[in-house]
Amino acid sequence: MKTLFKNPVQIVTVDTKSKHFKRGKELSEIGLLSEHSILVENGIIKDIIPNSSLSKISADKTVDLEDLIVLPGLIECHTHAAYAGSRADEFLLRLKGATYEDIAKNGGGISSTMQAVRNSSFEELVKLLKPRVAHFISQGVTTLEIKSGYGLSYYDEIKLLQVINYFRTNSSIEIIPTFLGAHTFPPEYKNDHKQYLDLITNELLPYIIKNKLADQVDAFCEKTAFSADEVDKIFTKAKKLGYKLRLHTDQFNSIGGLDVALRHKALSVDHLEVIPDEEIPKLSKSETVAVLLPGVSFFLDYDYAPARKLIENNAIVALSTDYNPGSSHIPNLHIIMQLAALKMKMSVEEIISAVTVNAAKAVDKNELAGSIEIGKQADFAVFAAKEYSEIIYNIGINLNKYTIKKGEIIYHNEEN
Ligand code: NIG
Ligand code: FE
């Protein structure tokens, strides 16, 4: 089956010359084509053809993209979208001056969502997650990572991963489940860290990979959560079992997580709002992606990660929503792109690289997705705009008209 996506006003290829990621200055090399069309065969990009040669092309189907801009399908590489309950009460406390960390210390925060998840059935959690996945698809997202981390017991972590895996089978986009049992210590293990670490390393890690519920592990390295040593223990075991690694680190305090993640060659280090200046060069040559989450800084009203310094130091920078009920209740990747421009001074081109091929690298899908290159999956986000900068300029307006996964239109906004 051959489909021709014909004559868009622009194609933003994010071409990597088959390197499949962009670091430092490369983030601003956007790969812009006009007067070209894309030929897709069996879900894969077969050719990118100058319009002057189109008469030689035969296809089973033609999709007219006149006046539209084609980007690689957006990659949302860090979410906690599988949750129950609401933390609006905490939001109101924060508006009155309480801090996120105070609320967590007093039994709220992650523990409050944990309680709601433990009280919810598989079916209830599926029902809650469904519109959230659909909402990401409507923005042009074609690959979506979702973490566990709100069950924090053997039974509830597995239940949450089963919910996420339900969408891996029953959704039109690619869903990537990540095991985040090391999100925080649940109340029953607050005074017995060793026992909770044993539960993770001896029971959950082996069960989850054996049953193909996830092949990525994440942890939260923070004073109120896991120490660098504790993360090291989890990563050492996880790596032996064949997992790929991610790490929440340097969000509020810098306590050694970065070194542990780099030593274990993690796929990504996420947050980095308080990364010390002298640590930034450590990312210069590393292939670990720096995933920045400006929605958290906006939602909690504190420091933004030093995007400019990271890019100047040649890091591989990606962006994501970190969508979750407590620190970034923002299920919208376009708003994150806009915050990156306004608050972190990233250029529009850098931002596009950060939500496509670099985000794909953070979930180890960059050889298949994240750029429009021959041989890659035909995953596209098609925007109703004449210039790609309009995606950033139009705050609060969804310009996405089509979401295309492996050459199939899976979402169409007729209003655009
Ligand atoms: O990435 N930092 C830890 N985890 C999430 C917040 C989760 C929550 O507050 O529920 C984050 O910010
Ligand atoms: Fe997170």
Side-chain angles (χ1 to χ4, degrees), residues 76-91 93-94 98-118 128 132 144-152 156-157 160 164 176-186 216-227 230-231 245-255 257-258 261 266-275 289-305 318-331 333 336 339 359 362-363:
E76 172 47 275
C77 68
H78 178 143
T79 83
H80 307 253
Y83 68 87
S86 162
R87 307 240 293 271
D89 52 343
E90 294 179 7
F91 181 68
L93 288 176
R94 284 201 301 103
T99 69
Y100 177 76
E101 283 172 298
D102 288 343
I103 291 168
K105 271 186 206 132
N106 292 325
I110 296 168
S111 303
S112 114
T113 303
M114 176 205 77
Q115 216 52 65
V117 164
R118 288 184 180 179
L128 287 167
R132 297 174 191 157
L144 170 63
E145 187 258 17
I146 309 175
K147 300 173 198 297
S148 68
Y150 290 125
L152 306 182
D156 295 290
E157 277 299 301
L160 207 46
I164 300 166
I176 299 178
T178 301
F179 172 52
L180 177 59
H183 199 184
T184 192
F185 286 94
Q216 296 192 8
V217 167
D218 197 346
F220 184 23
C221 189
E222 184 53 57
K223 280 185 183 167
T224 50
F226 292 76
S227 70
E230 289 167 338
V231 171
L245 310 171
R246 319 267 315 259
L247 188 64
H248 286 68
T249 189
D250 296 63
Q251 179 177 10
F252 302 111
N253 297 283
S254 184
I255 60 164
L258 183 65
L267 288 176
S268 72
V269 281
D270 304 49
H271 278 288
L272 307 181
E273 289 87 345
V274 302
I275 184 175
V289 179
V291 177
L292 310 185
L293 310 164
V296 179
S297 308
F298 178 69
F299 199 72
L300 299 183
D301 196 17
Y302 79 122
D303 305 347
Y304 286 80
L319 288 163
S320 160
T321 60
D322 194 13
Y323 174 47
N324 75 73
S327 71
S328 181
H329 199 225
I330 308 176
L333 192 52
I336 299 309
L339 287 174
V363 288

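Atoms within a ligand are numbered from 1 in the order they appear, just like the ligands themselves. Throughout, residue positions are numbered sequentially from 1 according to the sequence presented.
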With heavy-atom distances below 4.0 Å as the criterion, list the atoms of ligand 1 near H183.
3 (C), 4 (N), 5 (C), 7 (C)
For D322, the ligand 1 atoms whose distance to one of its heavy atoms is below 4.0 Å:
1 (O), 11 (C), 12 (O)
Mark up the atoms of ligand 1 that fall under 4.0 Å of a heavy atom belonging to H80, in ascending order.
1 (O), 4 (N), 5 (C), 11 (C)
Proximity flag T113 to ligand 1, non-hydrogen atoms under 4.0 Å
no
What atoms in ligand 1 come closer than 4.0 Å to a heavy atom of Y150?
7 (C), 8 (C), 10 (O)
At the Fe ion (ligand 2), what's the angle from H80 NE2 to H78 NE2, rounded to 10 degrees?
100°
For R246, which of V217, V363, V269 qualifies under side-chain contact (heavy atoms from CB on, under 4.5 Å)?
V363
Ligand 1 atoms nearer than 4.0 angstrom to some heavy atom of I110 are 7 (C), 8 (C), 9 (O), 10 (O)
Pairing donors with acceptors under 3.5 angstrom, does anything connect the side chains of T79 and E145?
no
Could you identify the single nearest non-hydrogen protein atom to atom 2 (N) of ligand 1 and state the distance to 0.1 Å?
Q251 OE1, 2.7 Å
Near-ring test F226/F185, centroid separation under 6.0 angstrom:
yes
By number and element, which atoms of ligand 1 are closer than 4.0 Å to a non-hydrogen atom of R87?
8 (C), 9 (O), 10 (O)
Side chains of D322 and H78: do they bring a donor and an acceptor to under 3.5 Å?
yes
Please report whether the ring centroid of Y323 lies less than 6.0 Å from that of Y83.
yes
Out of S327, G326, S320, G295, who is nearest to atom 12 (O) of ligand 1 when you count heavy atoms only?
S327
Can you see whether N324 engages S328 through a side-chain donor-acceptor pair at a distance of less than 3.5 angstrom?
no
So, do F252 and Y302 have ring centers that fall under 6.0 Å from each other?
yes
Touching ligand 1 at all, Y83? Heavy atoms, strictly under 4.0 Å?
no
Neighbour count above 12 (heavy atom, 6.0 Å) for D301 CG
no
Taking N, O or S atoms only and a limit of 2.8 Å, check whether D218 reaches the Fe ion (ligand 2).
no
For ligand 1, indicate whether the residue H271 contacts it via side chain, backbone, both or neither (heavy-atom separation under 4.0 Å).
side chain
Quick one about T224 and E101 (side-chain donor to acceptor, distance below 3.5 Å, no hydrogens or angles considered), yes or no?
no
The Fe ion (ligand 2) reached by H271 (N, O or S, under 2.8 Å)
no
On a heavy-atom basis, I'd like to know which of F252, F220, Y100 is closest to atom 9 (O) of ligand 1.
Y100
Could you identify the N, O or S atom of D322 positioned closest to the Fe ion (ligand 2)?
OD1
Contact between T113 and H80 at the side-chain level, heavy atoms closer than 4.5 Å - yes or no?
no
